[in-house]
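Some notes on the structure that comes next.
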Amino acid sequence: MVKGKVKVVVTRKLPDSIETRMMELFDVTLNLDDTPMSKAQLIEAVKHADVLVPTVTDDIDSAVLAQAGENLRLIANYGTGVDHIDLSSARQRAITLTNTPDVLTEDTADMTMALILAVPRRVVEGERVLREGKWKGWSPTWMLGNRIHGKRLGIVGMGRIGRAVARRAKGFGLSVHYHNRRRVHGDIETELEATYWESLDQMLARMDIISVNCPHTPATYHLLSARRLKLLRPSAYLVNTARGEVIDENALIRLLKAGDIAGAGLDVFENEPAINPKFLSLDNVTLLPHMGSATVEGRIDMGEKVLINIKTFIDGHTPPDRVIGDVF
Ligand SMILES: O=CC(=O)O
């Protein structure tokens, strides 16, 4: 790889300032009309690129990576989750993988909080009634939701985003509980008085609101299985801004339909952008189109991270956000 002539393929339209910088630095192929790439186009890209910049919408599976040319040394993912990339194929081919952590933590935590507030307080349902011209005026007994203050929030996955949610939740008077592979000592338990649950099952059975904030990995696929979802209280709410695959969606739909939980707020789905049509007929679920990190500032910061990761890598150093792989 010769500095200045590095071939970079970007799979989706990125913020203008990021694309401009990429054009200055690299021999870059952009996707200006933002049409998601087909598998054939992805294969074509990995055959010829030195660096690929994909996003969560690209399925970089073993079949795609099997076609990668010797030249493909770095996948600089635009996003934090890397579950759309076949890690073992990347490892086998000694491809370095980077992501964009930290810069979307606060935005994703805000969106999580938005759902934690919106679902029990029926924000979207209320707006819909008003727009449909069906509002008959204030009533003591109409459109009642449930109080947030004083309730128990159980966070599944106490990583960066989980902590940011916990800090916000404390401000809203929720008591914070969490389940994580490892107990997180320090600030979370001292400042936030968070309670650690070694048993996810036991935590699920006792919470008023559950927030899913863990990554999707082979170990967390359907972590909230049909069996575990049944442990939730009928008055409980479930919020997911992580990945759809962490929850068994069909089981969740059955629960929502039967009124076996009170409601759900979902920003992510198992087969994005396809939405299970059964969700659309349910009033007790708020659905968002994967907007957790969707702020102007966040998307520019993510692009800056991609630039730094690529630059550091081609300069022969370990990129700051290396997920797997060696330096070039
Ligand atoms: O969902 C978006 C990301 O993982 O960055």
Side-chain angles (χ1 to χ4, degrees), residues 10-15 18-19 31 34 36-37 42 51-61 74-87 90 96-116 155-165 180 211-224 238-247 249 264-275 286-310 319-324:
V10 182
T11 66
R12 300 295 300 269
K13 172 91 185 84
L14 299 184
I18 302 301
E19 293 190 335
N31 180 358
D34 199 34
M37 283 186 166
L42 285 174
V51 178
L52 181 72
V53 180
T55 73
V56 60
T57 57
D58 303 301
D59 191 8
I60 314 293
D61 59 15
L74 173 67
I75 299 177
N77 189 54
Y78 181 85
T80 300
V82 291
D83 53 325
H84 54 293
I85 298 166
D86 188 273
L87 300 186
T96 296
L97 169 65
T98 59
N99 66 346
T100 63
D102 299 318
V103 291
L104 42 69
T105 298
E106 304 300 334
D107 294 328
T108 308
D110 284 343
M111 196 57 106
T112 307
M113 210 59 223
L115 286 171
I116 289 174
I155 298 176
V156 181
M158 191 52 90
R160 297 179 185 87
I161 297 171
R163 285 160 193 254
V165 171
N180 202 47
S211 174
V212 178
N213 296 107
C214 62
H216 167 220
T217 67
T220 64
Y221 176 76
H222 282 193
L223 181 68
L224 271 65
L238 174 65
V239 165
N240 186 7
T241 53
R243 283 292 183 269
E245 287 87 344
V246 179
I247 299 178
E249 242 175 37
L266 307 173
D267 184 46
V268 287
F269 303 89
E270 280 201 66
N271 299 302
E272 294 178 17
I275 301 295
T286 294
L287 308 165
L288 293 177
H290 200 149
M291 288 164 62
S293 70
T295 66
V296 172
E297 298 89 339
R299 294 290 163 86
I300 291 173
D301 291 347
M302 286 161 69
E304 302 278 1
K305 280 224 163 222
V306 168
L307 283 165
I308 291 168
N309 283 318
I310 300 174
D321 307 305
R322 181 176 53 139
V323 180
I324 58 170

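The basis for the numbers below is simple: all heavy atoms, side chains too, and nothing from hydrogens, waters or symmetry mates. Note that ligands are numbered from 1 as they come in the structure, with each ligand's atoms numbered from 1 the same way.
Near Gly81, meaning under 4.0 Å from one of its heavy atoms, ligand 1 places the atoms 3 (C), 4 (O), 5 (O). Every atom of ligand 1 is numbered from 1 in the order shown, and the set under 4.0 Å from a heavy atom of Leu104 is 5 (O).
Contacts with ligand 1 closer than 4.0 Å are made by side-chain heavy atoms of Arg243 only, the backbone lying farther away. Residue-level proximity to ligand 1 for Thr100 is absent, since no heavy atom of it falls below 4.0 angstrom.
Scanning the protein heavy atoms around atom 3 (C) of ligand 1, the nearest turns out to be Thr80 N, 3.4 Å. Counting only heavy atoms of the protein, atom 1 (O) of ligand 1 lies nearest to His290 NE2, 2.7 Å.
Val10 and Met37 get closest at one heavy-atom pair: O-CE, 4.3 Å. Here the closest non-hydrogen pair linking Ala90 and Ile324 is CB-CD1, 3.8 Å.
The one candidate from Leu52, Thr98, Asn309, Val53 that meets the side-chain contact (heavy atoms from CB on, under 4.5 Å) condition with Leu74 is Thr98.
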Verify side-chain contact (heavy atoms from CB on, under 4.5 Å) between Leu238 and Leu224, making sure each step is shown before the conclusion.
CA-CA 10 Å; Leu238 174 65; Leu224 271 65; 3.8 Å; yes

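The backbone N or O of Thr100 lies less than 3.5 Å from a partner atom in the side chain of Thr80, making a donor-acceptor pair. With Thr220 contributing its side chain and Pro215 its backbone, the two residues share a donor-acceptor pair below 3.5 Å.
Between Val56 and ligand 1, no pair of N/O atoms sits closer than 3.5 Å.
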